[in-house]
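In what follows, every chain begins at residue 1, and chains take the letters A, B, ... in the order their sequences are listed. It should be emphasised that the depicted structure is a prediction, and the values quoted were computed from it without experimental measurement.
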Amino acid sequence: MNQTLDRSIAPQAKPVSDPQMILPLSVQLANGILVHFLSAGSQEVVRLELLFRTGAVSHELPVVPGMAVSMLKGGTASHNATQIAEWVDNYGAFLETEPGKDYSSVTLYSLNRFLPQVLPVVRQIINESSYPEDEFDISKSNKTQKFLVGLEKVGFVAGKRFQELLFGEKGYGTPVNTDQYENLNRAEVIEFYRNNIQFQPFELFVSGFISDTVKQLILDEFGRFETRGSAVHHSPGNAAMIGGKHFIGKENAMQSAIRIGRPLFTRNHPDYFGMKVLLTILGGYFGSRLMSNIREDKGYTYGIGAGLAVMKHAGYFYISTEVGADVCSAALDEIYKEINVLHHEAVPAAELDLVKNYMLGSLIKSFEGPFEYMERFKTIHLDGFGEDYYKRYASTIRNIQADELMALASKWLRPEDFTQLVVGKM
Amino acid sequence: MIKYEKFTLANGLRVLVHEDHSTPLACINILYDVGARDENPSMTGFAHLFEHLMFGGSINIPSYDTPLQQVGGENNAFTNNDITNYYLSLPADNLETGFWLESDRMLSLAFSEKSLEVQRNVVVEEFKQRYLNQPYGDEWLLLRPLAYKKHPYRWATIGEEISHIENARMEDVKAFFKKHYHPSNAILVVSGDVKTDQVKALCEKWFAPIPAGEKNKREIPVEPEQTEARTLEVFRDVPADSLTRVYHMCGRTNELYHTQDLLSDVLGRGSSSRLYTALVKEKQLFSSISAYVTGNIDPGLLVIQGKVNPGVDIHQADEAVTAVINNLLTQGITDKELEKVKNKAESTLVFEEMSILNKAMGLAFAELLGDSELVNTEIGKIRKVSAEQVMSQAKAILSPENCSTLFYRKKV
């Protein structure tokens, strides 16, 4: 009964469905800590993320908040850094500190069966950190070293300078340099800790396989936290973009890093969803205009992308790549060519259809498992969006038309509004 | 416990199916039993270049990526010294599209000159971006030939040198495909919101008609035992000295593998490990240091790697590493220490099993090693390792004669 198989015909495809949101159970504790529980999956693990509304924008020297957060594992009154590491490692747990721009987090990953033994370490490091001097010196030295290594990479230098240009060397674009690391002052870091982290109420996002026992354990433990919340939440105080074309030379560079972009908007802007679609077409997936041209056709790069980066108070459009130094000018020409095409030619129906399906597929892929569900919730919760946010996003993806995309390109992707940076060789 | 079904097609393709209905997605993972170790010494970097070419269109389908994106899927691949692994994920409703795409490129590639030309350039850019244009980027290009004199692990997956990639010709590409890319040299794993019967039917339709091909007979030279310490010192434009020691160890399927892996964890996994505590915290000779194993199928390496603090002499730092090792050899390890690294190993595996893609990859690799049940028995094997066994392996492999050291130094 063998029908000859025609391999040139694609199998019938079904449309991609909308993601299904799972909302956590939220509990406000008497001490001001807000806990969210999201249980899913079958692996008996849990992730606890403590989110503080403090970060790089909360101090005129971004390195200070960075140090204050990363050194939360550096030692308390009763445990030095090694003992804290030992405590966590003994139970196969992972403790991460993540300093951010607007928010900073401390995250614990643990097998459920060891949670009772390992959970108490969190309260110690949040409320009893002591920033021991020897640890401080080591940490400072390491950060300086890491920074120096970074300065040797065209990509690192470009990313850093690009932020400075976008936000006028203020706010999100406050410059960081080696001096700031070398001059990190322990007293200043401790003061920051005391004002912004210690005894501050925070939000706690708990995801994983959450039995009643685990839930009660967490409520009891975090109910015991002492809080005296008084932290002031800061807005960044950005300045105007520094436009024009910028170049930072690097001797012997084999590749040049290119960054092009402009400040744009955050998620609540009416053009946000539409721009996500436009920028996916331009450079948001492997078959994008930029990838097809500059990597797959010309072979100038290993990777090029475009997108929209969003923080709490501002967002920006970017194009980012590292290209062979000898083809840098050619790559720049091609980038501007592709942007120009978006202004004048409607995206063909087949391509638009493909991008829509790709984006919808990507969207449901980002809802796999309890940790991902919680990340999706965080996004809408922290910006105050309703639970229909992702459905609205999917709807824009499905319904946006080529002429709307062209209008968005003409409005928001005008080269005269960009800043351009090249690091390496031109 | 990862539950799965297993069967083999007449043409030799091994298939495993893991159902997980907690997600609307499905993953297809195809592992080809070919890696950098299978390359001709004068044509290195080929397995990896070939991985790129697999995306340049197959005999009946001009574009691989486009039809997949069209149904909401995405994909990627990687190559290492042992394997080449392709994976995609997509809405489970569109599983058949994945079967159509993967089977066609197993059947035959389009082999276009343009594709070869472009991917040669892309790989050359990758070589530059990751290995030449980064500080410390060429460390492993130096370490491999230092540790391995005969075995093909002596060259890196990216290639021994750029010229090998630049000189790749279409006829070599076609010969490579014929030799390695056929059903009996592949393992297919499907995971996610799928049914075994459904997968069986799709395999019969799309993969069964592909001719079997000849299983490649591997004849890889065995690396002779290293009998004396080796060192290499180079100077580069980097902000700090880097010290790397590599010791020969057993292969992935050897019964000693987990013991040696746990040994590397005791030495240098995480900030409560021996090396980190002694040399970063106490003596402050290094800004960072860690130990790990390469996990290769043929005998691999146990690696100790660290960045030396400014103002510290690298040879002094190297002696301090020796002191930590000697300490371990004389003191032994505590049960608590061993328990700790076992807990970490278990924890890592448990977290990995949250992803249908990771489960698919794990099943494919386990099947390649000859025992798909490893995905479920590995934790048990790890738990069985005793402190005596770890110490015995420490004595066996952490000897100077078994060690190759790279002093990668900042130009003054």
Side-chain angles (χ1 to χ4, degrees), chain A residues 5 7-8 10-14 16-17 40-45 81-82 85-86 89-94 109 111 114 138 141-142 145 148-149 151-154 252-255 285-287 295-302 322-324 353-355 357-358 360-362 364-365 368-369 371, chain B residues 22-25 60-61 65-67 69-74 89-91 93-94 96-97 100 104 107 117-118 120-122 125-126 128-129 132-135 205-206 209 237-240 270-272 277 280-281 284 287-288 307 309-310 336 339-340 343-344 346-347 350-351 353-356:
Chain A
L5 185 62
R7 287 185 182 273
S8 65
Q12 184 93 58
K14 296 213 181 70
V16 184
S17 49
S42 57
Q43 295 297 93
E44 293 189 36
V45 298
T82 302
E86 189 86 45
D89 286 350
N90 274 339
Y91 298 105
F94 301 93
Y109 293 86
L111 296 173
F114 292 134
I138 292 172
S141 172
N142 286 355
Q145 278 315 303
L148 287 170
V149 171
L151 290 179
E152 295 303 311
K153 303 183 190 184
V154 295
N252 302 324
M254 276 186 225
Q255 288 195 311
Y285 72 113
F286 201 86
R295 172 172 151 152
E296 292 296 288
D297 188 56
K298 310 279 190 312
Y300 290 164
T301 180
Y302 177 46
E322 273 87 68
V323 297
D353 195 54
L354 180 143
V355 169
N357 284 330
Y358 173 77
L360 291 168
S362 240
I364 50 166
K365 186 160 193 278
E368 183 189 354
F371 299 169
Chain B
S22 70
T23 167
L25 297 170
N60 293 295
I61 309 169
D65 286 309
T66 303
Q69 288 150 0
Q70 183 68 44
V71 299
E74 52 182 43
S89 65
L90 41 50
D93 282 346
N94 290 322
E96 186 161 16
T97 304
W100 170 61
D104 203 58
L107 179 64
E117 167 87 31
V118 168
R120 263 201 305 251
N121 288 336
V122 170
E125 278 318 304
E126 189 180 345
K128 288 182 203 164
Q129 183 171 318
L132 303 179
N133 205 38
Q134 299 284 351
K205 179 176 177 184
W206 294 104
D237 275 314
V238 288
S271 42
S272 72
T277 314
V280 174
K281 289 289 159 78
Q284 298 179 35
S287 60
S288 62
K307 294 278 184 305
N309 271 333
K336 189 152 195 221
E339 190 67 17
K340 170 177 74 169
N343 283 343
K344 275 215 119 136
E346 177 183 339
S347 185
V350 173
F351 278 100
E353 281 173 24
M354 295 179 80
S355 147
I356 53 168

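Ala93(A) touches chain B through its backbone: at least one of N, CA, C or O sits under 4.5 Å from a heavy atom, while the side chain does not. Heavy atoms of Val238(B) lying under 4.5 Å from chain A are absent altogether. Contact of Gln134(B) with chain A is made through the side chain alone, with heavy-atom distances under 4.5 Å. Residue Leu107(B) touches chain A through its side chain alone, counting heavy-atom pairs closer than 4.5 Å. Heavy-atom distances place the side chain of Tyr285(A), and not its backbone, under 4.5 Å from chain B. Only the side chain of Asp65(B) comes within less than 4.5 Å of a heavy atom of chain A; its backbone N, CA, C and O stay farther away. Within the 4.5 angstrom heavy-atom criterion, no atom of Lys307(B) approaches chain A. Contacts between Val154(A) and chain B at a heavy-atom distance below 4.5 Å involve the side chain alone, from C-beta outward. For chain A, the nearby part of Asn94(B) is the side chain; its heavy atoms alone come within less than 4.5 Å. Proximity to chain A (any heavy atom under 4.5 Å) is shown, for Leu90(B), by neither the backbone nor the side chain.
Here the shortest heavy-atom pairing between Ser8(A) and Trp100(B) reads O-CZ2, 4.1 Å. In terms of heavy-atom proximity, Lys153(A) sits nearest to Pro135(B) at CG-CD, 3.5 Å. Closest non-hydrogen pair, Lys281(B) versus Ala81(A), comes out as NZ-CB, 3.4 Å. The shortest heavy-atom contact between Met354(B) and Glu368(A) is O-OE2, 3.9 Å. Between Asn309(B) and Asn142(A), the shortest heavy-atom distance links the atoms OD1-OD1, 4.3 Å.
A heavy-atom distance below 4.5 Å is found between the side chains of Gln69(B) and Phe286(A).
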> Could you walk me through whether Glu86(A) and Lys340(B) pass the salt bridge (charged side-chain N to carboxylate O under 4.0 Å, His left out) check?
Replying inline: CA-CA 8 Å; Glu86(A) 189 86 45; Lys340(B) 170 177 74 169; 3.3 Å; yes
> Going through the distances and angles, do Glu74(B) and Tyr358(A) end up as a side chain to side chain donor-acceptor pair (under 3.5 Å)?
Replying inline: CA-CA 8 Å; Glu74(B) 52 182 43; Tyr358(A) 173 77; 3.3 Å; yes
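Rounded to the nearest 0.5 Å, atoms CD1 (Ile138(A)) and CD (Gln284(B)) are 4.0 Å apart. To the nearest 0.5 Å, atoms OG (Ser347(B)) and CZ (Phe94(A)) are separated by 4.5 Å. Between Lys128(B) atom NZ and Thr301(A) atom OG1 the span is 10.5 Å, to the nearest 0.5 Å. Here CD of Gln129(B) is found 4.5 Å from CD of Gln255(A). Values are rounded to the nearest 0.5 Å.
For the set Ser362(A), Ser42(A), Gly299(A), the count of heavy-atom pairs under 4.5 angstrom toward chain B peaks at Gly299(A). Chain B forms more heavy-atom pairs under 4.5 Å with one residue of Lys14(A), Gln12(A), Arg7(A) than with any other, namely Arg7(A). Among the candidates Thr277(B), Ile61(B), Val122(B), the residue making the largest number of heavy-atom pairs closer than 4.5 Å to chain A is Val122(B). When the candidates Tyr91(A), Phe114(A), Tyr302(A), Phe371(A) are compared by the number of heavy-atom contacts under 4.5 Å with chain B, Tyr302(A) comes out ahead. Contact count against chain B (heavy-atom pairs under 4.5 Å) is highest for Arg295(A) among Glu322(A), Arg295(A), Glu152(A).
Scanning for salt bridge (charged side-chain N to carboxylate O under 4.0 Å, His left out) contacts around Glu117(B) gives Arg120(B), with sequence neighbours left out. With sequence neighbours left out, the side-chain hydrogen bond (donor to acceptor under 3.5 Å, both in side chains) criterion links Gln70(B) to Asp353(A).
For the side-chain contact (heavy atoms from CB on, under 4.5 Å) test with Pro91(B), the passing option among Ile364(A), Asn357(A), Leu360(A) is Ile364(A); the others fail.
The backbone N or O of Asn90(A) sits less than 3.5 Å from a side-chain atom of Asn343(B), completing a donor-acceptor pair.
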